[in-house]
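Notes follow the structure.
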Amino acid sequence: MRVTDLIQIAETYLRLGAAAAALMIGIFCIGYFAVYKKLLHGTATFPFKKLAAAAVLLCYFIIVLGATMLDRAGMWENGRIDLRPFIAYRKAWTDFSIREWRNIILNIFMFVPFGLLLPLYSRHWQRPVHTYLAGLAFTLCIELAQLIFKRGIFEPDDIFNNLLGTMIGFGIYRLLHFWHSRRSSRPASLSRMLVCQLPLVFTAALFGTIFTIYHFKEYGNLPIQYISRADLSSADIQLHTNLSEQEAAAPVYQMPIADESKTHDIAQSLFEKLGTQIDETENDIYDETAIYWSIGRNYNIWIDFAGCTVNFTDFTQLIDNEDITGESGCSRDEIQSSLSQLGIQIPEGSFFEDTKEGSYVFTVEDAVQDSFCKGTLTCRFNSNHKISSFDNKIITYQKYKDCRIRSEQDAYDQLKKGNFRADNSDGDIISIVIDRVRLDYVADSKGFYQPVYSFDGSVNDEEASIQIPAVM
């Protein structure tokens with residue numbers, strides 16, 4: 001989910017919160033002026049500040065509950081419990097996904113207003129421990145509600161992040177209070193204010209350290225790296241192949257990485273070949289993908305930043321056109337010629353397949369000198385002898401350098417320790433059977449194509465491949 005999507009959610013529930021706050025203020029004013037002052041002849045002054053703080057808090061609660069409860073029905077993992085400590089941080093580090101890091105940071109900052117607003121509402125909450133306990137209780141209620149109503153995952157990480165946000169918010173309150181109190185004859189304690197800034201200092205240091213370490217790493221993080229060690233205490237591991245104990249060397253490749261400007265050029269070049277231009281008002285840029293439409297919305301193209309892979313659709317051949325059907329039995333040259341008209345060149349040595357009903361696939365996996373080309377291109381060729389869609393996932397990686405890799409035996413020893421990613425295993429691992437081991441490649445989070453060992457066989461009697469990083 002993008003930041004703009006989150007802003008739209010916040011705006012939606014802000015309107016609802018504002019309406020609820022206005023209703024609350026209206027009811028309170030009627031009660032104060034019509035009942036308390038007129039009928040009961042009360043003398044207490046009207047609590048403007050407290051009512052304003054209560055109204056803002058009500059808006060905040062509605063926004064948070066809306067974002068955490070009402071907009072999460074589509075999550076496939078809803079109603080699950082994951083008690084592994086700091087699993088969100090470990091997952092974000094391993095994948096190093098902008099989306100996952102953003103979710104962690106947003107979980108922290110979502111509770112900053114709570115820690116800031118609660119002390120403004122009442123003197124009772126101006127003690128740190130009271131506000132911290134209130135923040136803990138609030139986040140626990142949210143997590144339990146998500147679990148009960150299947151609106152999210154119950155994770156200790158969310159509780160930690162929300163509590164940290166509460167503490168940061170209270171620190172901001174103490175800073176503002178200290179600044180305001182300097183005008184009075186009894187200024188607030190400087191030392192107490194500084195102590196309350198420690199959560200903010202800790203958070204800044206934590207994320208600063210994480211991103212600095214990642215920046216100076218030569219390679220990125222592999223998505224196959226284990227997040228938590230697999231429990232193999234009761235697993236029967238069978239090895240049906242020989243393993244080499246010799247360390248070796250293997251090349252590391254680097255994939256092309258596009259930015260928004262480059263994806264725009266790719267889309268513009270393709271649309272110009274079709275006699276049209278990009279409709280700049282329809283551009284949609286996500287964390288990992290850029291989406292462009294042509295003027296008139298006849299053509300659409302999705303471009304991934306990693307690898308510059310392209311998915312193209314010609315809607316003039318797909319919508320309300322019953323005369324156009326898929327054309328089977330076409331030759332490789334005919335399909336390649338049509339693709340070349342769209343600026344797509346198929347690497348030599350690729351495998352060509354007619355998958356019937358107008359669908360064709362080119363597959364390539366070939367290392368040539370200092371480059372490595374791998375992937376598939378799927379396209380649809382219609383009876384009007386035009387390409388109506390293609391999904392080009394063929395990537396050419398350029399050699400970065402040769403590196404030392406661990407031996408097959410060493411990789412197998414890592415496997416036996418459970419040092420592999422077992423996210424897809426259903427329940428406990430009872431048995432592992434390894435029929436062969438081969439050197440494969442996996443793209444890391446910085447766009448490097450690293451060698452890994454793939455142990456092919458089965459896990460719990462189901463066909464599987466366990467991958468272990470090869471670079472030492």
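Here the structure is a predicted model, which means the values were calculated and not measured.
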Salt bridge check, [Y] against [X]: does any charged N sit closer than 4.0 Å to a carboxylate O?
| X | Y | value |
| --- | --- | --- |
| E100 | K91 | no |
| R380 | D314 | no |
| D440 | K374 | yes |

For [X], which residues count as a ring-ring contact (aromatic ring centres under 6.0 Å, His included) partner, sequence neighbours excluded?
| X | result |
| --- | --- |
| F455 | none |
| F352 | Y360, F362 |
| F271 | none |
| F211 | F96, W101 |

If you round to the nearest 0.5 Å, how far is [atom2] of [Y] from [atom1] of [X]?
| X | Y | atom1 | atom2 | value |
| --- | --- | --- | --- | --- |
| S389 | N311 | OG | CG | 7.5 Å |
| L339 | I387 | CG | CD1 | 4.5 Å |
| Q317 | N384 | CD | CG | 4.5 Å |
| I468 | D410 | CD1 | CG | 10.0 Å |
| L239 | I432 | CG | CD1 | 11.5 Å |
| I87 | D82 | CD1 | CG | 5.5 Å |

Test item: [X] side-chain N/O and [Y] main-chain N/O as donor-acceptor pair under 3.5 Å:
| X | Y | answer |
| --- | --- | --- |
| Q246 | S407 | no |
| E408 | S244 | yes |
| R90 | Y226 | no |
| N382 | K386 | no |
| S328 | G358 | yes |
| Q197 | G171 | yes |
| N460 | E462 | no |

Y412/Y453 aromatic ring centres below 6.0 Å: no

Within the structure provided, determine whether [X] and [Y] are in side-chain contact (heavy-atom separation under 4.5 Å).
| X | Y | value |
| --- | --- | --- |
| I394 | P347 | yes |
| Q414 | P469 | no |
| Y441 | P251 | yes |
| I291 | N300 | yes |
| Y292 | H264 | yes |
| I395 | Y449 | no |
| F305 | D287 | no |
| L270 | I301 | yes |

Which residues share a salt bridge (charged side-chain N to carboxylate O under 4.0 Å, His left out) with K262, sequence neighbours left out: none

Residues in salt bridge (charged side-chain N to carboxylate O under 4.0 Å, His left out) contact with E247, at least two apart in sequence or another chain: R404

Derivation and outcome, side-chain contact (heavy atoms from CB on, under 4.5 Å), residues S371 and Q398: CA-CA 4 Å; S371 66; Q398 298 299 323; 3.8 Å; yes

Working for salt bridge (Lys or Arg N to Asp or Glu O under 4.0 Å), residues D95 and R421: CA-CA 12 Å; D95 299 336; R421 195 153 182 172; 3.0 Å; yes

[X] to [Y] - nearest heavy-atom pair and separation:
| X | Y | result |
| --- | --- | --- |
| L232 | F420 | CD1-CE2, 4.0 Å |
| V459 | A464 | CG2-CB, 3.7 Å |
| P451 | L439 | CB-CD1, 4.0 Å |
| A258 | T263 | CB-CG2, 3.9 Å |
| I344 | L377 | CG2-CD1, 3.6 Å |
| C403 | V252 | SG-CG2, 3.3 Å |

Flag for S465-D456: side-chain donor and acceptor within less than 3.5 Å: yes

Which atom pairs, donor and acceptor, lie under 3.5 Å between side-chain atoms of residues 108-118 and protein residues at least two apart or in another chain?
none

Full working for side chain to side chain donor-acceptor pair (under 3.5 Å) between T309 and D304: CA-CA 5 Å; T309 59; D304 291 336; 3.0 Å; yes

Verdict with supporting geometry, D231 and S233, side chain to side chain donor-acceptor pair (under 3.5 Å): CA-CA 6 Å; D231 183 8; S233 57; 2.8 Å; yes

Qualifying side chain to side chain donor-acceptor pair (under 3.5 Å) pairs, either residue in [range], two or more places apart:
| range | answer |
| --- | --- |
| residues 344-357 | R332-S350, T355-S359 |
| residues 159-169 | Y89-N161, T139-N162 |
| residues 205-223 | Y214-S445, K217-N221, E218-Y400, E218-K401 |

Worked check of side chain to side chain donor-acceptor pair (under 3.5 Å) between S454 and Q467: CA-CA 4 Å; S454 291; Q467 294 182 311; 3.1 Å; yes

Side chain to side chain donor-acceptor pair (under 3.5 Å) partners for W293, two or more places apart: none

Candidate pair Q268 and D265, rule side chain to side chain donor-acceptor pair (under 3.5 Å), full reasoning: CA-CA 5 Å; Q268 182 67 17; D265 292 342; over 6 Å; no

Pairs meeting criterion salt bridge (Lys or Arg N to Asp or Glu O under 4.0 Å) with involvement of residues 233-244, two or more places apart: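 Salt bridge (Lys or Arg N to Asp or Glu O under 4.0 Å) check on residues 233-244 returns no pairs.
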
T376 and D391: CA distance, side-chain angles, deciding distance, side-chain contact (heavy atoms from CB on, under 4.5 Å) verdict: CA-CA 8 Å; T376 61; D391 186 13; over 6 Å; no

